[in-house]
Amino acid sequence: MSAVETLRRIIREICGSPTTDLEDVLATAQMAHMGQTRRSGEPYITHPEAVADIVYAYYGDKSLCAAAILHDTLEDAPRLGTVKSPQDMASMIAGSFGDPEMGDEVLNIVRALTHEKGVPYDEYVMSLSKNIPALRIKLSDMLHNLRSSPSPRQKEKYRNAIQSLEDEHGAPPSGISSGHWKELKSASSGDKQVSEWTLRRLIEAYSRQARR
């Protein structure tokens with residue numbers, strides 16, 4: 001299978017039918033996370049792919065799916081040295097789209113999702129409540145991490161942020177799918193019961209890995 005065919009297959013599995021923009025977006029994300037791994041040893045790119053999968057399953061929005069694929073690039077790529085500077089990464093993000101307005105829109109979402117050092121995590125998550133697309137991606141990011149053997153510190157951090165959101169904005173917060181919120185709350189509480197949706201996605205994810 002060629003590289004292009006592989007890209008299209010992955011996109012079809014996480015964001016619906018492939019488009020030129022989505023192919024460019026995934027290629028940009030793969031470059032940005034080149035050589036990076038998760039604690040499990042898996043290539044890091046499996047995380048933004050999984051986040052995009054969650055986003056698309058709950059919200060069915062291709063541009064949001066694209067932003068989810070790129071959500072960690074601005075934070076990680078300059079630190080890893082896969083690009084020279086945050087400005088270079090920002091240009092690559094915006095340039096992944098044929099429509100400059102769409103490129104700027106996604107870039108703004110990715111910038112909003114970039115966690116500045118020194119800002120407490122719950123404050124950072126709360127700040128996203130004014131940016132529904134970014135909040136949808138962040139909660140999808142949290143859900144995937146909670147389903148991926150998180151550390152006790154990470155679970156506590158997420159529980160505090162989720163509770164802060166609920167206290168301030170209700171359950172679920174405006175713009176967030178009730179199913180998504182229920183899944184997130186269940187995962188953050190340590191509920192071992194896996195939903196039908198999560199089980200299906202886990203099976204699909206393992207199948208994808210086996211085919212690569």
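Because only heavy atoms are used, hydrogens play no part in the values below, and waters and symmetry mates are left out as well, while side chains stay in. Numbering of residues begins at 1 and proceeds along the displayed sequence.
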ILVMFWY network linking [X] to [Y], side-chain heavy atoms under 4.5 angstrom:
| X | Y | value |
| --- | --- | --- |
| Leu22 | Met102 | yes |
| Ile176 | Leu146 | yes |
| Tyr158 | Leu128 | yes |
| Leu26 | Tyr44 | no |

Show the nearest heavy-atom pair for residues [X] and [Y], with the distance to one decimal.
| X | Y | answer |
| --- | --- | --- |
| Ala68 | Ala52 | CB-CA, 3.6 Å |
| Gly16 | Lys62 | C-NZ, 3.6 Å |
| Ile109 | Ala134 | CG2-CA, 4.1 Å |
| Val110 | Leu70 | CG1-O, 3.7 Å |
| Asp21 | Phe97 | OD1-CA, 3.5 Å |
| Ser96 | Thr28 | OG-OG1, 2.8 Å |

**Asked** Are any of the side-chain nitrogens in Glu156 or Arg159 under 4.0 Å away from the carboxylate oxygens of its partner?
**Response**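 Salt bridge flag = yes for Arg159 with Glu156.
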Is there side-chain contact between [X] and [Y], with heavy atoms separated by less than 4.5 Å?
| X | Y | result |
| --- | --- | --- |
| Met31 | Val83 | yes |
| Met142 | Gln154 | no |
| Lys138 | Leu113 | yes |
| Ser148 | His144 | yes |
| Arg39 | Ser151 | yes |
| Leu165 | Met126 | yes |
| Glu49 | Asp53 | no |
| Thr73 | Met92 | no |

**Asked** So with a 6.0 Å cut-off around CZ of Arg79, is the heavy-atom count from everything else above 12?
**Response** yes
Between [X] (side chain) and [Y] (backbone), is there a donor-acceptor pair under 3.5 Å?
| X | Y | result |
| --- | --- | --- |
| Asp141 | Val51 | no |
| Thr82 | Ala32 | yes |
| Ser140 | Arg136 | yes |

**Asked** Parallel under 30°, tilted from 30 to 60°, perpendicular over 60°: which one fits the rings of His115 and Tyr124?
**Response**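 Taking Tyr124 first and then His115, their aromatic rings lie parallel (interplane angle under 30°).
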**Asked** How are the rings of Tyr58 and His180 set relative to one another: parallel (under 30°), tilted (30 to 60°) or perpendicular (over 60°)?
**Response** parallel
**Prompt:** From Leu184 CG over to Leu139 CG, what is the distance, rounded to the nearest 0.5 angstrom?
**Reply:**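 Separation between the atoms: 5.5 Å.
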